[in-house]
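Single-structure report; data block below.
Just so it is clear, the structure is predicted and the values come from calculations on it, not from any experiment. Proteins get letters first, then strands, A, B, ... in listed order; numbering begins at 1 in each.
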2 protein chains.
Amino acid sequence: MTKEQEHLQDILKKRLKEKGLKVTQQRLIVLQILAENRDKHMAAEDIYEMVKEEYPEIGLATVYRTVQLLLEMQLLDRINLDDGRVRYEIGHLFAGDMRHNHHHLICKSCGKVTPFEDDLLEELEAHIEQDAGFHVLDHELKFYGICKECLQKQKKES
Amino acid sequence: MTKEQEHLQDILKKRLKEKGLKVTQQRLIVLQILAENRDKHMAAEDIYEMVKEEYPEIGLATVYRTVQLLLEMQLLDRINLDDGRVRYEIGHLFAGDMRHNHHHLICKSCGKVTPFEDDLLEELEAHIEQDAGFHVLDHELKFYGICKECLQKQKKES
DNA sequence: GTTATTGCAAAAGTTTTGCACCTGA
DNA sequence: TCAGGTGCAAAACTTTTGCAATAAC
């Protein structure tokens, strides 16, 4: 287990205790799997399959309930790639290297999802706080289009 | 019917004919309802209920199929507010007043959704085309946070 | 007349829930 | 001990699909 994973686990344990909730194997393993799979945008079913390898008795419902809990504790980010399954990844607040906000480029041709790093949104968030009086906690930005590879494929074909 | 609504209908008729598809009452009415309800972020079920008032025989499946078709023809935008129902509105390309891109502010406290206009993303899209070689066709930007009213309510309570 | 389209019902897929049994504190 | 958590199965929802009947061109 990496240092970052230990750190995440400690935060989870602390927040669970604060709320009088219990530290269970299932909760620790779900968090662990997500930490080992940054930027993989995992759906509940994906997490379920991976957790089963380490803890075969787990139920899918537990994964859903755990993910919900981790979201509320702000340990996860939720992403929706419009394929009918909600996806999750370790929250950007807990990036070990304090990386930038990251967004998603979704190719309409091949479906590939690429992360894209950028900080430009901070300026926009400042506008929103000022103009609309809306206190921004989080954001989700997706770009739909055609990826480099598909563009090249299209060129060849024509 | 407003001038804009006639314009939308004409575009739909033209594009249907181009593709050898048929101009049906159902398609015209679904588009009409969406045009009458800009910025309402309507889910399929909402559209179905409103269309039924004018055309009671319509089926929910037809609404789903029509919305899919209108999306492909770029007459609609799709929005996902993470409540498990996909929503639709008349595409920003067809705003009568050539308004700016609009995004959504989603209040985590009361659930209210507010549109927010801004052009800042164009700069970012240029970056993406250049840095990642990704050709952007569309985007979706959502801000999660606490709205003005809920912030004031919180202040009073404390 | 021919082909696309529709409405209905059934199916598919994801997420939630009820409940008896367990487990962590 | 005992409140909170889990696994299972059933339920709840949204969205899609198959198909016979219908409407558009």
Side-chain angles (χ1 to χ4, degrees), chain A residues 9-10 12-33 41-73 75-76 78-88 111, chain B residues 9 12-33 41-73 76 78-88 111:
Chain A
Q9 206 174 81
D10 288 345
L12 173 57
K13 286 183 185 168
K14 184 166 139 263
R15 297 203 181 160
L16 285 171
K17 280 172 191 159
E18 279 169 7
K19 294 202 181 189
L21 302 177
K22 289 169 182 170
V23 176
T24 64
Q25 279 304 303
Q26 291 91 329
R27 286 170 181 173
L28 292 175
I29 296 178
V30 167
L31 182 65
Q32 174 79 18
I33 292 295
H41 339 100
M42 294 210 294
E45 186 79 36
D46 302 329
I47 300 169
Y48 175 60
E49 291 302 332
M50 296 199 68
V51 171
K52 267 210 298 206
E53 289 175 21
E54 237 179 283
Y55 195 99
E57 320 88 284
I58 199 162
L60 181 55
T62 299
V63 173
Y64 275 103
R65 285 184 285 227
T66 303
V67 150
Q68 194 56 46
L69 182 77
L70 296 176
L71 270 179
E72 282 159 21
M73 293 187 163
L75 289 165
L76 296 190
R78 174 202 297 237
I79 319 148
N80 197 317
L81 302 176
D82 299 312
D83 63 348
R85 315 163 71 200
V86 177
R87 286 147 190 285
Y88 306 90
Chain B
Q9 207 175 80
L12 173 57
K13 285 182 186 169
K14 184 165 138 265
R15 298 202 181 163
L16 286 171
K17 280 172 192 161
E18 279 169 7
K19 294 202 181 191
L21 302 177
K22 289 170 181 170
V23 176
T24 66
Q25 279 303 302
Q26 291 92 329
R27 285 169 181 174
L28 291 174
I29 296 178
V30 166
L31 181 65
Q32 175 78 20
I33 291 295
H41 340 100
M42 296 210 292
E45 186 79 35
D46 302 329
I47 300 168
Y48 175 59
E49 290 302 333
M50 296 200 68
V51 171
K52 268 211 295 207
E53 288 175 22
E54 238 181 281
Y55 195 99
E57 321 88 285
I58 199 162
L60 181 55
T62 299
V63 172
Y64 275 101
R65 285 184 285 227
T66 302
V67 150
Q68 194 57 46
L69 183 77
L70 295 176
L71 270 179
E72 282 160 19
M73 292 187 163
L76 296 189
R78 173 203 296 240
I79 319 149
N80 197 318
L81 302 177
D82 299 313
D83 62 347
R85 315 162 71 199
V86 177
R87 286 147 191 284
Y88 306 90

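Regarding B:Lys17, its NZ atom lies at a distance of 15 Å from the C1' atom of C:dA4, rounded to whole Å. Counting to the nearest Å, the P atom of D:dC25 and the CD atom of B:Glu18 are 15 Å from each other. Atom CG in B:Leu81 sits roughly 14 Å away from atom P in D:dT14 (whole-Å rounding). Atom C1' of nucleotide C:dT5 and atom NZ of B:Lys19 are separated by 16 Å, given to the nearest angstrom. What separates CG of B:Asp82 from P of C:dT14 is a distance of 17 Å, to the nearest Å. When the P atom of C:dT5 is taken as reference, atom CD1 of B:Ile29 falls 16 Å away, rounded to whole Å. Atom CG of A:Asn80 is separated from atom P of D:dT15 by 11 Å (rounded to the nearest Å). Protein atom CG of B:Leu71 is 10 Å distant from nucleotide atom P of D:dT16, rounded to whole Å.
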Next on the checklist: Can you build the contact string for nucleotides 2-13 of chain D? Use B for base contact, S for sugar-phosphate-only contact, and - for no protein heavy atom under 4.0 Å.
Outcome noted: -BBSSBB-----
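Residue A:Leu71 comes nearest to A:Leu76 through the heavy atom pair CD2-O, 3.5 Å, listed as atom of the first residue, atom of the second, then distance. Heavy-atom minimum distance, A:Leu81 versus A:Ile79: CD2-CG2, 3.8 Å.
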Taking only distance into account, with no hydrogens and no angle test, what donor-acceptor pairs under 3.5 Å do side-chain atoms of residues 20-28 of chain A form with protein atoms, sequence neighbours excluded?
| from | atom 1 | to | atom 2 | distance (Å) |
| --- | --- | --- | --- | --- |
| A:Thr24 | OG1 | A:Arg27 | N | 3.3 |
| A:Gln26 | NE2 | A:Tyr55 | OH | 3.4 |
| A:Arg27 | NH1 | A:Lys22 | O | 2.8 |

Side-chain donor-acceptor pairs of residues 43-53 of chain A under 3.5 Å, sequence neighbours excluded:
| from | atom 1 | to | atom 2 | distance (Å) |
| --- | --- | --- | --- | --- |
| A:Asp46 | OD1 | A:Arg85 | NH2 | 3.4 |
| A:Asp46 | OD2 | A:Ala43 | N | 2.9 |

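Formation of a donor-acceptor pair under 3.5 Å by the A:Thr62 side chain with backbone atoms of A:Ile58 is not found in this model.
The side chain of B:Tyr64 places no N or O atom within less than 4.0 Å of a non-bridging phosphate oxygen (OP1 or OP2) of D:dT16.
B:Asn80 has its side chain within reach of A:Asp82: a pair of non-hydrogen atoms, C-beta onward, lies under 4.5 Å apart.
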